[in-house]
Each structure stands twice: as C-alpha cells, then as structure tokens.
Amino acid sequence: MRGLGCRRVRSPAGGAGLAFPDWAYKAESSPGSRQIQLWHFILELLQKEEFRHVIAWQQGEYGEFVIKDPDEVARLWGRRKSKPQMNYDKLSRALRYYYNKRILHKTKGKRFTYKFNFSKLIFVNYPMWDMRDGRAQKS
DNA sequence: CACGGAAGTA
DNA sequence: TACTTCCGTG
C-alpha cells in the first residue's frame, strides 16, 4: 500500500495545466467483484485524452468538469454497466444522488457542468483519514 | 435542462 | 447500497 502523503499529480500533456491528484483516481481497491461506481467511471474518462471531446475538465475551477456529449457518456456508461437503455436523463439522476453524498455538486447556470468534492473523495478512498488534523487515525 | 420523490433491481 | 427507471414540477 502506498503512503497517504503521496500526492502524485497527473498532468494531461498539452493541457491547460489542469491536473488532479493520484488518490482521486483510485479505480477500485477491492480485489475482484465489486461493481464500478459512476464517479470512478467519470474519473476514468476524464483521465483519458481520447475522451476529451466527450467529457473534460473545466479550465479554471479545480475539480469542475463538463460533459460535452451527454448521449455518448450515457452510452459508454450503459455499455460498462450492461444497461443498454441508459441515457443522460437517468445518468444525471445518479449524479444528483451524489449531491447528498457530497461527492459532487452542480455548477449552477453552466450546462452539463458538475464539480467534484475532492475532500469527500479522500474520505471515501481512505476512511481512516481524519480531515480535522490531516493525519491518519488508528481505529 | 435540472431537480428530487417514489418504486424497483441486484 | 448504489444506482435504474419513471415522472411531475419549475
């Protein structure tokens, strides 16, 4: 297991310098059968330049991203989950459930634009992390 | 489009 | 639990 202090950053080549810490892209930690989470999938697409025409980080605001092609993102998500009837209406409902979970929030006024709550993602990936003093706690 | 209640799935 | 499906409301 890697140290918690590791904050390696991924910089997209030729990008606007927008990068996100490696802990944010922590695909799946469990060995095997756990189903992929929507936010893992979103981060996965965001991390690959080949999907930049479909979904991309919004320059300026850290953690903010824009779904440039909602139908395509929904199609890709549906393919991954074996849900051929998936569409943006349903996918966006799933994203809205993240509001209360504090994983995402909407960027009001900006169409198809959402923002990751990275501090919450730290908590999701490393439950032992205590946000109050920024040190790992023993249970 | 975006929101969120309500019921259904695995 | 984490969505998926459906839908009325603004």
Side-chain angles (χ1 to χ4, degrees):
Chain A
M1 184 183 278
R2 209 165 289 145
L4 292 175
C6 176
R7 279 200 158 204
R8 184 153 56 87
V9 201
R10 291 164 183 270
S11 284
L18 229 184
F20 64 97
D22 198 46
W23 48 255
Y25 178 66
K26 193 74 174 169
E28 58 264 74
S29 32
S30 47
S33 51
R34 190 177 171 185
Q35 273 264 66
I36 188 166
Q37 310 282 106
L38 178 53
W39 65 269
H40 287 328
F41 181 75
I42 296 291
L43 246 24
E44 192 178 303
L45 294 183
L46 246 16
Q47 184 240 11
K48 297 177 180 178
E49 288 185 49
E50 57 204 278
F51 294 110
R52 262 193 163 172
H53 61 293
V54 168
I55 186 170
W57 292 113
Q58 179 77 280
Q59 54 191 55
E61 287 295 313
Y62 189 74
E64 192 173 86
F65 63 95
V66 190
I67 297 174
K68 296 178 179 176
D69 188 341
D71 294 333
E72 182 63 2
V73 172
R75 193 187 66 78
L76 260 19
W77 173 235
R79 191 180 62 178
R80 177 67 67 89
K81 287 285 292 289
S82 300
K83 294 288 178 184
Q85 310 311 311
M86 184 51 60
N87 57 37
Y88 181 68
D89 179 54
K90 296 171 190 172
L91 186 150
S92 61
R93 182 67 189 92
L95 291 180
R96 289 195 291 277
Y97 271 127
Y98 284 152
Y99 299 170
N100 287 326
K101 292 182 181 176
R102 306 201 62 193
I103 289 174
L104 281 184
H105 71 71
K106 191 72 178 66
T107 299
K108 294 171 185 175
K110 292 183 182 176
R111 203 153 156 262
F112 307 129
T113 304
Y114 300 82
K115 187 171 179 176
F116 273 102
N117 207 19
F118 282 131
S119 51
K120 174 63 177 178
L121 293 185
I122 293 178
F123 188 74
V124 169
N125 285 311
Y126 304 102
M128 74 296 285
W129 193 270
D130 192 315
M131 304 286 279
R132 287 170 298 182
D133 60 14
R135 228 175 296 132
Q137 303 290 301
K138 280 278 176 103
S139 338

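Throughout, protein chains are lettered first and strands after them, A, B, ... in sequence-line order, and every chain is numbered starting at 1.
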Between A:Gln85 and A:Lys90, is any pair of side-chain heavy atoms under 4.5 Å apart?
->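 They are in contact (side-chain heavy atoms under 4.5 Å apart), so the answer is yes.
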
Side chains of A:Ile67 and A:Tyr114 in contact at under 4.5 Å (non-hydrogen atoms) =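 A:Ile67 reaches A:Tyr114 side chain to side chain.
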
Have a look at A:Leu38 and say if it touches a base, only the backbone sugar-phosphate, or nothing, with a 4.0 Å heavy-atom cut-off.
->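 Here A:Leu38 touches the backbone only, sparing every base.
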
Under 4.0 angstrom, heavy atoms only, what part of the nucleic acid is A:Phe41 near: base, sugar-phosphate, or nothing?
->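 Contact class for A:Phe41: none.
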
How far does [atom1] of [X] sit from [atom2] of [Y], to the nearest 0.5 angstrom?
X	Y	atom1	atom2	value
A:Tyr62	A:Trp57	OH	CH2	7.5 Å
A:His40	A:Ile42	NE2	CD1	12.0 Å
A:Asp71	A:Leu76	CG	CG	11.5 Å
A:Phe118	A:Leu104	CZ	CG	9.5 Å
A:Phe65	A:Leu45	CZ	CG	10.0 Å
A:Leu91	A:Lys83	CG	NZ	13.5 Å

Which residues in residues 65-77 of chain A have at least one heavy atom lying under 4.0 Å from any atom of DNA chain C?
->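 Here the set is A:Trp77.
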
A:Lys110 bridged to A:Glu61 by N-O distance under 4.0 Å |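 Between A:Glu61 and A:Lys110 there is no salt bridge, as every charged N stays at least 4.0 Å from the carboxylate O atoms.
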
Given protein heavy atoms under 4.0 Å, the one-letter contact record of nucleotides 2-10 of chain B, with B base, S sugar-phosphate only and - none, is simply SBBBBB---

Single-linkage hydrophobic cluster A:Leu38~A:Ile36, side-chain heavy atoms < 4.5 angstrom =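 Yes, same cluster.
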
Under a criterion of less than 4.0 angstrom to any heavy atom of chain A, what are the 5'-terminal and 3'-terminal contacting nucleotides of DNA chain C?
->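 Listing 5' to 3', DNA chain C meets chain A from C:dA2 to C:dC7.
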
